[in-house]
Each structure stands twice: as C-alpha cells, then as structure tokens.
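First listed ligand is number 1; within each ligand, the first listed atom is number 1.
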Amino acid sequence: MSHLAAKFLIKQVLHKPSSVLGLATGSTPTGTYENVIEDHRKNQTSYEQVQTVNLDEYVGLTPTDPTSYRYFMENNLFQHIDIKAKNTHIPNGKANDLQAECSRYEQLLRELGVDIQLLGIGRNGHIGFNEPGTSFQTKTHVIELAESTRKANARFFDSLEQVPNSAITMGIDSILQSKEIILLASGKNKANAIKQLASEQIDKFFPASALHQHPNVTVIADREALTFCDNTEKLQTV
Ligand code: PGA
C-alpha cells in the first residue's frame, strides 16, 4: 500500500517538479513517506521546487511540540528530503486569530492549487478532521474533535486529557478542489469505513462519501481494510 502510494507522489513530482502535494499525518501515511525518502536517497528525486500543504493541525500546539503535526511532518518527511522549509505549509494552531488563520490558509490553497492530495480515513469516516455532519461545502475551518477521534489519537499523547479538543482542518470543499486524491486505508479497524465508502452512498454523516463527487480518486487499501468489502469486482489488485 505504502509503496504504491509513494509511486503516485513520485510520479507526480517527476512529471511536474513544481508540484503542490497535499499531505496527511497519522499512522497510515508513514510507510508512504518512508518509501518517498528511500526513493529520494536512491534515485535523487528532487523536491526543491515542490510545495506541500497539510490537511490539518491541532489548535494550541507549538510547531516544536512532538505531538503537533508540524513536528510529525518534519520528523517523518521534510528533514529527510531536499524540500525548502518555506515551501512546506501547515495551518498554525497557535495563531491568535484562528478565523484569520483559516482564511489565510484557504487563500493559500487557492493560490497554490493542489495537484495531488493524500488522505487517510477515520473510523467514523472523517477526512482531514472533518467529523461526521460537516457540510460538504466547508472551507478551512476550526472543528471540535469527536470524542472517538480524540480517543483514537490518544496513543500519540501521554494521556487522553492532553489530546486537544479542536483543530484547524481543510474543509471538505477545500479537499475536493485538489486535482487528484489518493485515500489510504490500512488495518481491520478501517474495514467498516471502507465498506461504507464502497457502498457509494453520499451521506453528510460519513464525510469520506463526499469523495464520490470528485472525478479522480484512487483508494489504496490493504487486505485487512478490505475485510468487509463485498463489491471487490471494482477493485484492482496489485
Ligand atoms: P490514522 O488516522 O492514519 O492514524 O489511522 C487517519 C485519520 O484519522 O484520518
């Protein structure tokens, strides 16, 4: 899964060296980033002209906080490739004026234009931090995290209490503006979400279903994430 996802990103960068990559955090994309780093070392694929935009950031965490998404990206990708620091964009969760920060970030997304967006999926179907019930028209905004999301992410913190209650996230509409979208799913705990996504029903309470409105989405899932998927005739096996 990770190897294939990395191939999409690498191909994009080779085709257009000044690509804008939309990136994600969490457990799912770490293998993808490892493959990107390995390719950079072996084949010298260059990220010098690449710009990146991340999906989301916790409110209240500094960039140097080991649980912030800025820290995650530096550690898992940016410091291992030749990308310029000024070309890596992540919402500022410490901004004094969070609404102004959301507008600034949305404007940046529009100006850059994302070529390919990497997504994970929450067990509740969230994409970015767009929790169930979020309007599909949303732009970058502040969201209260669902209790289930805070619990799922508590593994990165010392305790559940330390998981922030809110985050800045690209909205569903912001995500849908990307020219191409790759959604990754790994493990049995995503099997229900992937089953629901495969049912093709559009439902505001299942945010990932908004992806059915986009013309160029690829889902890359491992065998465990496909456990409950019965319409696998549409799937390409690699
Ligand atoms: P995960 O998170 O990759 O850590 O499972 C994905 C998500 O919640 O979007």
| query | Yes or no on side chain to side chain donor-acceptor pair (under 3.5 Å) for Q117 and S178, after CA distance, side-chain angles and deciding distance? | reply | CA-CA 6 Å; Q117 176 68 56; S178 176; 5.3 Å; no

| said: Apply side chain to side chain donor-acceptor pair (under 3.5 Å) to residues R70 and T88 and explain how you reach the verdict. | reply: CA-CA 9 Å; R70 165 57 76 180; T88 65; 2.9 Å; yes

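In R155, the part holding a heavy atom less than 4.0 Å from any atom of ligand 1 is the side chain.
Nearest to atom 7 (C) of ligand 1 among the protein's heavy atoms is H126 NE2, 3.4 Å.
Other residues, nucleotides and ligands contribute only 12 or fewer heavy atoms inside 6.0 Å of the CG atom of N96. Counted within 6.0 Å of NZ on K7, heavy atoms from surrounding residues, nucleotides or ligands total 12 or fewer; the atom is thus considered open.
For the residue pair H126/E131, the side-chain donor-acceptor check at 3.5 Å is satisfied.
Ligand 1 has an N or O atom lying under 3.5 Å from an N or O atom of S27, backbone or side chain.
For the pair K190 and ligand 1, a heavy-atom separation below 4.0 Å is found.
For atom 6 (C) of ligand 1, the nearest non-hydrogen atom from the set I121, I127, L119, N153 belongs to I121.
Interface of G26 with ligand 1, defined as ligand atoms under 4.0 Å from a residue heavy atom, comprises 3 (O), 4 (O). The contact set between ligand 1 and T28, taken as ligand atoms under 4.0 Å from a residue heavy atom, comprises 1 (P), 3 (O), 5 (O).
When atom types are taken as modelled, the side chain of S19 and the backbone of L21 share no donor-acceptor pair closer than 3.5 angstrom.
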